[in-house]
Number of protein chains: 2
Amino acid sequence: MEPRWLTPDQRRAWLRVAALLELLPAALDTQLQRDADLTLAGYVMLAMLSEQPERSLRMSELAARSNASPSRASHVIAKLEKQGLVRRERCAEDGRGQLAVLTDAGWEKVVATAPGHVQRVRELVVDPLEPGQLAQLDAIVARMLDVLDPEARYATTALARDIPASQG
Amino acid sequence: MEPRWLTPDQRRAWLRVAALLELLPAALDTQLQRDADLTLAGYVMLAMLSEQPERSLRMSELAARSNASPSRASHVIAKLEKQGLVRRERCAEDGRGQLAVLTDAGWEKVVATAPGHVQRVRELVVDPLEPGQLAQLDAIVARMLDVLDPEARYATTALARDIPASQG
DNA sequence: CAGCACTGGTTGAAGTCTCAAGCAACCCCT
DNA sequence: AGGGGTTGCTTGAGACTTCAACCAGTGCTG
């Protein structure tokens, strides 16, 4: 069976997206590493915790919102715990569960780090676009996520839930 | 100074993009790992080589087209060489340079693997979009890449070179 | 209650990527 | 010709991620 290749337009768009997939996370990682000694994954988890009223989340929920596997979440939180930014508690309702809790130091870290991170996101993602393009992007990516994560196991679910806030 | 946070719309779009940044590479990696015992990075490099008339590229050029650092390219090619898919030659015009050359086995690997990979890209990126959205995506990502890679050191250059595009 | 499957989370080893250092060939200048 | 700086690439160590066990607690079934 003859495989269906991409048309030149499709190919060009895909190559650009592929470049974005490498360069954008790398750029954000670099900024966080330099300014806050944090991994992008580590920062994201701290940020997710900081948005909760109790500043805590179940490991599984944290993993989902960070688009990470349970294993990755476990390793990342272990490192943040060693840095004193997070601590773990056994979960009351379910003895198997663990609660990742932001420490005061962790909260301070987020407060200190978030502006620089948001600034970089703005520079790289928001500001380059013309009015209207952000909404286009949102719609396009939403469609891709429908296929990538049809069960909405990952961050998508957090969107539906949290949107009212302007930033936690 | 009061930091400028993201508006709810901006935040929603960004969270979706962040999810895409994790899930899309992971999905492609999974497919390649399962069907071809290849890393996404490894496959990309093989594919780049396969598109050259001589089936070879300078390491630096290969790294650029794969959006990888020189170091990463070196490690990945080292592994592909161990697998017999690529070999290295000293470069004739410049004694410091190395040429990564696709072996026959490497060529066969690409031929066998490409259809399944392209199929997956199609499923995840091309097919979910409505007519017109692909062009929008291309334009949007192009703007981001202008900021991420202003010198056009990475894959962008390959686009300008290989594709007489319909878009500025 | 015992048995059994499943869920939530962790662990360690193996693989991948990054970072800084290093080596060799090239270039330029005298 | 012969330094000194630069470029092209590699290397090894350390950090991060993945994968496949694994353990403990839960919940269902009988």
Side-chain angles (χ1 to χ4, degrees), chain A residues 21-34 36-45 56-83 86-101 151 153, chain B residues 21-34 36-45 56-83 86-101 151 153:
Chain A
L21 258 28
E22 292 287 347
L23 301 183
L24 182 48
L28 296 174
D29 234 323
T30 299
Q31 183 268 321
L32 286 167
Q33 203 71 55
R34 174 169 50 74
D37 189 32
L38 281 176
T39 298
L40 177 55
Y43 170 80
V44 168
M45 293 193 192
S56 70
L57 280 171
R58 288 285 294 270
M59 289 301 294
S60 48
E61 191 51 30
L62 180 60
R65 295 190 186 213
S66 315
N67 310 298
S69 65
S71 170
R72 172 139 80 130
S74 197
H75 282 294
V76 171
I77 288 296
K79 194 197 172 191
L80 293 173
E81 192 170 28
K82 239 175 277 180
Q83 297 178 93
V86 159
R87 98 185 107 83
R88 271 144 150 160
E89 284 177 12
R90 194 150 275 302
C91 178
E93 306 93 41
D94 187 336
R96 306 167 282 192
Q98 289 276 116
L99 226 47
V101 187
E151 319 275 325
R153 293 191 206 283
Chain B
L21 258 29
E22 292 287 347
L23 301 183
L24 182 47
L28 295 173
D29 232 322
T30 298
Q31 183 268 321
L32 286 166
Q33 203 70 54
R34 175 169 49 77
D37 189 32
L38 280 176
T39 297
L40 177 55
Y43 171 79
V44 167
M45 293 193 192
S56 68
L57 280 170
R58 287 285 293 270
M59 288 301 293
S60 49
E61 189 54 28
L62 180 60
R65 295 191 185 213
S66 314
N67 309 297
S69 64
S71 169
R72 172 139 79 131
S74 197
H75 282 294
V76 172
I77 289 296
K79 194 196 171 189
L80 293 172
E81 191 170 28
K82 238 175 277 179
Q83 298 178 95
V86 159
R87 94 185 107 80
R88 272 144 148 160
E89 283 176 12
R90 193 148 275 302
C91 178
E93 307 93 40
D94 187 335
R96 307 166 282 191
Q98 289 276 117
L99 226 48
V101 188
E151 320 275 325
R153 293 191 205 284

Whole angstrom is fine here: how far is it from CG in B:Asn67 over to P in C:dC17?
13 Å

Please identify each residue that fulfils side chain to side chain donor-acceptor pair (under 3.5 Å) with A:Asp37, with sequence neighbours left out.
none

Is any side-chain nitrogen or oxygen of A:Gln98 closer than 4.0 Å to OP1 or OP2 of C:dG8?
no

Using a cut-off of under 3.5 Å, enumerate the N/O to N/O pairs linking the protein to nucleotides 14-16 of chain C.
residue : atom : partner : partner atom : Å
C:dT16  : OP1  : B:Thr39 : OG1          : 3.2
C:dT16  : OP1  : B:Lys79 : NZ           : 2.8
C:dT16  : OP2  : B:Lys79 : NZ           : 3.3

Calculate the interatomic distance between A:Glu22 atom CD and C:dT18 atom C1'; express it in whole Å.
13 Å

Of all nucleotides in DNA chain D that come within under 4.0 Å of a heavy atom of chain B, which is furthest toward the 5' end and which toward the 3' end?
D:dT7 to D:dG12

Who are the side chain to side chain donor-acceptor pair (under 3.5 Å) partners of B:Glu81, not counting sequence neighbours?
B:Arg88

I'd like to check the side-chain contact (heavy atoms from CB on, under 4.5 Å) partners of A:Val86; sequence neighbours left out, ordered by chain and number.
A:Leu46, A:Leu49, A:Ile77, A:Leu80, A:Ala100, A:Leu102

Round to a whole Å and report the spacing from CG of A:Leu62 to C1' of C:dG9.
12 Å

Return the minimal non-hydrogen interatomic distance between B:Arg72 and B:Asn67, and the atom names on each side.
NH2-O, 4.3 Å

If we only count heavy atoms from C-beta on, is the A:Thr39 to A:Leu32 side-chain gap below 4.5 Å?
no

What's the CD1-C1' distance between A:Ile77 and C:dG9, to the nearest Å?
12 Å

Only counting residues at least two apart or in another chain, list the ones meeting side chain to side chain donor-acceptor pair (under 3.5 Å) with B:Arg58.
none

Taking for each residue the nucleotide of DNA chain C with the nearest heavy atom, is it A:Thr30 or A:Arg58 whose nucleotide lies nearer the 5' end?
A:Arg58

Check: A:Lys79 and A:Gln83 side chains under 4.5 Å, non-hydrogen atoms:
yes

On the side chain of A:His75, is there an atom forming a donor-acceptor pair with the base of C:dG9 - under 3.5 Å, no angle test?
no

Contact list (N/O, under 3.5 angstrom) for nucleotides 25-28 of chain C vs protein:
residue : atom : partner : partner atom : Å
C:dC26  : OP1  : B:Gly95 : N            : 2.8

Residues in side chain to side chain donor-acceptor pair (under 3.5 Å) contact with A:Glu89, at least two apart in sequence or another chain:
A:Arg87

Partner set under side-chain contact (heavy atoms from CB on, under 4.5 Å) for A:Ala63, not counting sequence neighbours:
A:Ala73

Just call it for A:Ser71: base, sugar-phosphate, or nothing, with non-hydrogen atoms closer than 4.0 Å on any strand.
base

Run the salt bridge (charged side-chain N to carboxylate O under 4.0 Å, His left out) test against B:Asp94 and tell me which residues pass, sequence neighbours left out.
B:Arg96

Could I get the full list of side-chain contact (heavy atoms from CB on, under 4.5 Å) partners for A:Thr30, not counting sequence neighbours?
none

What's the CG-P distance between A:Leu57 and C:dG8, to the nearest Å?
15 Å

